[in-house]
Number of protein chains: 2
Amino acid sequence: MNIGTIAAKSGVPAKTIRYYESIGLIPSASRRPNGYRDFDRDDLQTLRFIQHARGLGFAVKDVADLLALWREKKRASSDVKALALRHLESIDRKIAELGTMRRAVEHLVHRCHGDHRPECPILEDLAGDLDRA
Amino acid sequence: MNIGTIAAKSGVPAKTIRYYESIGLIPSASRRPNGYRDFDRDDLQTLRFIQHARGLGFAVKDVADLLALWREKKRASSDVKALALRHLESIDRKIAELGTMRRAVEHLVHRCHGDHRPECPILEDLAGDLDRA
DNA sequence: TATGTGGCTTCCAGTCATGGGAAGGTCAAG
DNA sequence: CTTGACCTTCCCATGACTGGAAGCCACATA
C-alpha cells in the first residue's frame, strides 16, 4: 500500500504520516525497490488508532504511551485509565480557562453600543486605569 | 524606565516585550546612550493594554488591530465590537470542541475497570474495528 | 517514443507566542 | 576591583504539523 492509499484509508495526511515516522511515533515503513514506502494492514490499524486518539485530544506523546500500552499484552488497565484521567483533567482546565475568558469577553461585548460613535467600553476596559495597579 | 522595570509593572516578561517590538506590535523603544531601551508611561499603558487583551485570549494579530482602533480617535465602536464578537465565536467553537472530547473521554474512562487486568475498553475503542470503515 | 499528469522522495522553512540560554557589554555596591 | 544583577543580540526549541521546492517514478495517451 502506498502512502497516499493508507492516508486516504486512515484519514491521516501523507505528510503527517512521514512526520510520525520521523519522530518515531510509528515504526519506519518498509520500502519497495523504487524507494516508496510500503504499508500493510497493521500500519493501517496503528494509524487509525493514532487518528482516534488525536481526535480525542491526546497529545502525540500520550498517543505514544497509549500505543505502547496497546501493544503490551501484560498491561494493567489502570495505567490506561490513569492516562485518560490526566487527559480529562487537562481538558477540564482548558474548558474552565476558556469559560472565564468567554464570560469576560461577553460582558464587554454587551456593554458596547457597536455603532458609528468612537466611545467603546471594550477599549476603555482593556486600557484600564493607569494609576490603578 | 528599563525593560525589567516595565516588565514588572506591566506583567509582560522582558523577553516578550523585545519580541513584541521585533514583530512591530509596539513601536521601537528609544535608547539610552548605553544601548538600553528606555520606556515611558505611554509604553506602560500600551503594554498593559496588550496584557489585558492577551489575557482575554485575543490573538496577537487581533491585539494589533485593537491597538490601532484604540489609537484611532475617529473609530466606530462597531468595528471593535465586531472584532470582539468574532473572538467570542472562536472561543465558543473551542469550548464546543473540548466539550465533545470531554464527553467521549469521560465515557471511555467510566467503562474502564482500571485494575491490574489488561482488558481495557479505552484501548479497544481507540483500536476500533479494522473492517468497519 | 515523447509527453503529460500525478504520486512519491527528501529537505528546508514557516506557523504561533513565546522561553531558554550563550556570549558579551553596563552599572551600582562593597 | 570584583561581584552580581542588569542589559544587549543571537540562535535554538517548543507542538504538531503544513507548504513548497527540486527531483525521481509510474502509467496513460498521442
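Reminder, nothing fancy here: chain letters follow the sequence lines and each chain counts from 1.
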For this session: Sort and list the pairs that fulfil ring-ring contact (aromatic ring centres under 6.0 Å, His included) and have at least one residue in residues 93-115 of chain A, not counting sequence neighbours.
Result: none
For this session: Please list all pairs passing the ring-ring contact (aromatic ring centres under 6.0 Å, His included) test where one or both residues lie in residues 15-48 of chain B, with sequence neighbours left out.
Result: none
Exercise. First and last nucleotide of DNA chain C touching chain A, 5' to 3', heavy-atom cut-off 4.0 Å?
Worked result: C:dG7 to C:dT10
Locate the shortest heavy-atom distance separating [X] from [Y]; write the atom from each residue and the value.
X	Y	answer
B:S77	A:E119	CB-O, 3.3 Å
A:V60	A:I23	CG1-CD1, 3.7 Å
A:I17	A:A7	CD1-CA, 3.9 Å
A:M1	A:R41	CE-N, 4.4 Å

For this session: Could you please spell out the steps behind the side chain to side chain contact (heavy atoms under 4.5 Å, CB included) verdict for A:V80 and A:L83?
Result: CA-CA 5 Å; A:V80 184; A:L83 206 162; 5.7 Å; no
For this session: Decide yes or no for B:I50 and B:V12: does some side-chain heavy atom of the first lie under 4.5 Å from some side-chain heavy atom of the second?
Result: no
Exercise. Tell me, do B:L123 and A:R75 make a side-chain contact under 4.5 Å, heavy atoms counted?
Worked result: yes
Set of salt bridge (Lys or Arg N to Asp or Glu O under 4.0 Å) partners for [X], sequence neighbours left out:
X	answer
B:R117	B:D115
A:K15	none
B:R111	B:D125

Exercise. Sequence neighbours excluded, which residues qualify as side-chain hydrogen bond (donor to acceptor under 3.5 Å, both in side chains) partners of A:N34?
Worked result: none
Problem set entry | Any pair counted as salt bridge (charged side-chain N to carboxylate O under 4.0 Å, His left out), so long as it reaches residues 97-107 of chain A, sequence neighbours left out | A:R102-A:E106, A:R102-B:D92
Problem set entry | side chain to side chain contact (heavy atoms under 4.5 Å, CB included) between B:L47 and B:Q51, intermediate numbers included | CA-CA 6 Å; B:L47 281 172; B:Q51 185 73 346; over 6 Å; no
Exercise. Heavy-atom contacts under 4.0 Å between residues 22-34 of chain A and DNA chain C, which residues?
Worked result: A:R31
Exercise. If we fit an axis to the first five pairs and another to the last five of the helix from C:dT1-D:dA30 to C:dG30-D:dC1, what angle do they make, to the nearest 10°?
Worked result: 30°
Exercise. When the distance from NZ of A:K61 to P of D:dC17 is rounded to whole Å, what number comes out?
Worked result: 16 Å
Exercise. Atom CD1 of B:I3 to atom C1' of D:dT8: distance rounded to whole Å?
Worked result: 10 Å
Problem set entry | Residues touching DNA chain D, which here means a heavy atom under 4.0 Å, drawn from residues 10-21 of chain A | A:P13, A:K15, A:T16, A:Y19, A:Y20
Exercise. Does a nitrogen or oxygen in the side chain of B:R37 sit under 4.0 Å from OP1 or OP2 of D:dT8?
Worked result: yes
Hey, what are the protein-to-nucleotides 3-5 of chain D N/O distances that come in under 3.5 Å?
none

